There are 2 protein chains.
Amino acid sequence: MARSKEFDPSIVLRKSMEIFGHYGYEGTSLQNLLEGLGIARQSLYDTYGTKRDLFISAVKHYINEKTATVIARLESPGSAKMAISEIFFEAISVLKDDAKRKECFIMDSAIAQVPHDSEIAEFFNQDLKRLEEAFYKALVRAQEQGELGEQKDKAALAKYLNHSRYSLTQVAKLSSDPKVLDDFVSVILTTLE
Amino acid sequence: MARSKEFDPSIVLRKSMEIFGHYGYEGTSLQNLLEGLGIARQSLYDTYGTKRDLFISAVKHYINEKTATVIARLESPGSAKMAISEIFFEAISVLKDDAKRKECFIMDSAIAQVPHDSEIAEFFNQDLKRLEEAFYKALVRAQEQGELGEQKDKAALAKYLNHSRYSLTQVAKLSSDPKVLDDFVSVILTTLE
DNA sequence: TTCATTTTAGACTGAATAGTCAATAATAGA
DNA sequence: TCTATTATTGACTATTCAGTCTAAAATGAA
């Protein structure tokens, strides 16, 4: 029928995570996007809609992908406590990788929009709820497996792990020394001891 | 000599923390500021300089004030462990107060500027360093007082407490339920047990 | 080759942007 | 009261903003 796109919309979406993550939503201009993505103005509008549409697509894609991985790991067979540890170690390994870490900062840009964008706010609500449930169930399993003290407050711990994981990108942004992330996560995990 | 200002520059500075915290740095327009602050355009430029100047003044004023309070508490006589707890309880009490919490969100707006503003980046560097040292010394005292296990990694804990405290505003922004803050902080403090 | 369809390129728009300027109003000290 | 100094006001500018439109270039299927 017609010519095919000269770019891979999925790759461009990943790249837009980096750009929005670097400049923030309002801080990102169309020009930033066009130069960074290497596509034409009209291609952007035809493929993704407005700047806000692109931002929301990028945020949802990023979070859905991460959350799916985390939940899958939490529900995987074996030690639940080990699963939780690995989720955090995997996260800091991404944040230490110069190529991968850039996408993560779209989290902070998205959180900054929560007071102004009800769609994003609701999306975070749902994401946190799903993750909290998954962490909670994992903590139940950890107790059953005898790897988590019976006196631990699983509900509080689930919320804590949730928000601690969310805070990793902020720690990474503030700390040039990657060792800080190691220390930060190793202390987080002591809350399970 | 001449007439005096019709506004209190200190109060206006506090109000600008709220505005920048709500909209973010780039998301805040001059019009937002003028309407929110209730002062004239030229008054703003005469008193504070450019938008960026005002932002930096607000950020520095906010952080310096908070940090001074935290360090003073950490160096105060008595139980060092109690001091650390109180710092976190005080923080969430501010974040639960509708009138006080708004200013706090300038933290997130400021952190978002770290990659683009070397002055802010350096300021955070120094602030985190000062706080980390203060936390570390408090942890040393806590060990001396017999309230912190000898095997604890004080350096890692100091960094951890630092960044956990910094992450409180993000937790508050994402959680409508203030109980989440209680749970979050109560788990944080278990790292000292 | 033809043609329907889509991408691309770049000009264009009106609104909003940060910041300046000049004129007026107010006031504290002499 | 006078005057030097400052605050206030609102008009103004040049730039950048997101988004639209038109036309040319490209290309897959028939």
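Computed from a predicted structure; not experimentally measured. Chain naming here is simple, since letters A, B, ... match the order of the sequence lines and numbering starts at 1 in each.
Nucleotide C:dA18 holds its P atom 12 Å from the CG atom of B:L54, rounded to whole Å. In this structure, CG of B:D46 is placed 11 Å from C1' of C:dT20, rounded to the nearest angstrom. Between B:Y48 atom OH and C:dG19 atom P the separation is 16 Å, expressed in whole Å. Remark: P of D:dT6 and CG of B:L44 are 18 Å apart, rounded to the nearest angstrom. When rounded to the nearest whole Å, the span between CD of B:Q42 and P of C:dA25 equals 17 Å. In this entry the distance linking OH of B:Y23 with C1' of C:dA16 reads 15 Å, nearest Å. Summarising the geometry, the separation between CD1 on B:I19 and C1' on C:dA18 is reported as 16 Å, rounded to the nearest angstrom. Atom pair A:L34:CG and D:dG19:P shows a separation of 11 Å (rounding to whole Å applied).
Distance from the side chain of A:Y45 is smallest for D:dT20 among the nucleotides C:dA18, C:dT8, D:dT20. In this structure, of C:dT17, D:dG19, C:dG19, it is C:dG19 that holds the atom nearest to the side chain of B:R41. Taking the side chain of B:A40 as heavy atoms from C-beta on, and the options D:dC21, D:dT8, C:dT7, the nearest nucleotide is D:dT8. The listed nucleotides are D:dT8, C:dA18, D:dG19; the one nearest the side chain of B:L30 is C:dA18.
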**OP:** Could you walk me through whether B:I106 and B:T169 pass side-chain contact (heavy atoms from CB on, under 4.5 Å), step by step?
**Re:** CA-CA 9 Å; B:I106 198 176; B:T169 54; over 6 Å; no
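The shortest distance between the side-chain N/O atoms of B:S43 and the OP1/OP2 oxygens of D:dT8 is below 4.0 Å. For the pair A:S29 and D:dC17, the criterion of a side-chain N or O lying under 4.0 Å from OP1 or OP2 is met.
Screening B:K66, B:K15, B:R14 against B:E103 for a salt bridge (charged side-chain N to carboxylate O under 4.0 Å, His left out) leaves a single residue, B:R14.
Under 4.0 Å is where a charged nitrogen must lie from a carboxylate oxygen, and between B:E75 and B:R141 no such pair does.
Residue-to-nucleotide contacts include no donor-acceptor pair under 3.5 Å from the side chain of A:Q31 to the base of D:dC17.
Put simply, the side chain of B:K173 never gets that close to the backbone of A:P115: no donor and acceptor are under 3.5 Å apart.
B:T28 comes within contact range of the sugar-phosphate backbone alone, with a heavy-atom separation under 4.0 Å but no base atom that close.
Between A:F55 and A:F20, the angle of the ring planes goes over 60°, which puts this pair in the perpendicular group of the 30/60° scheme.
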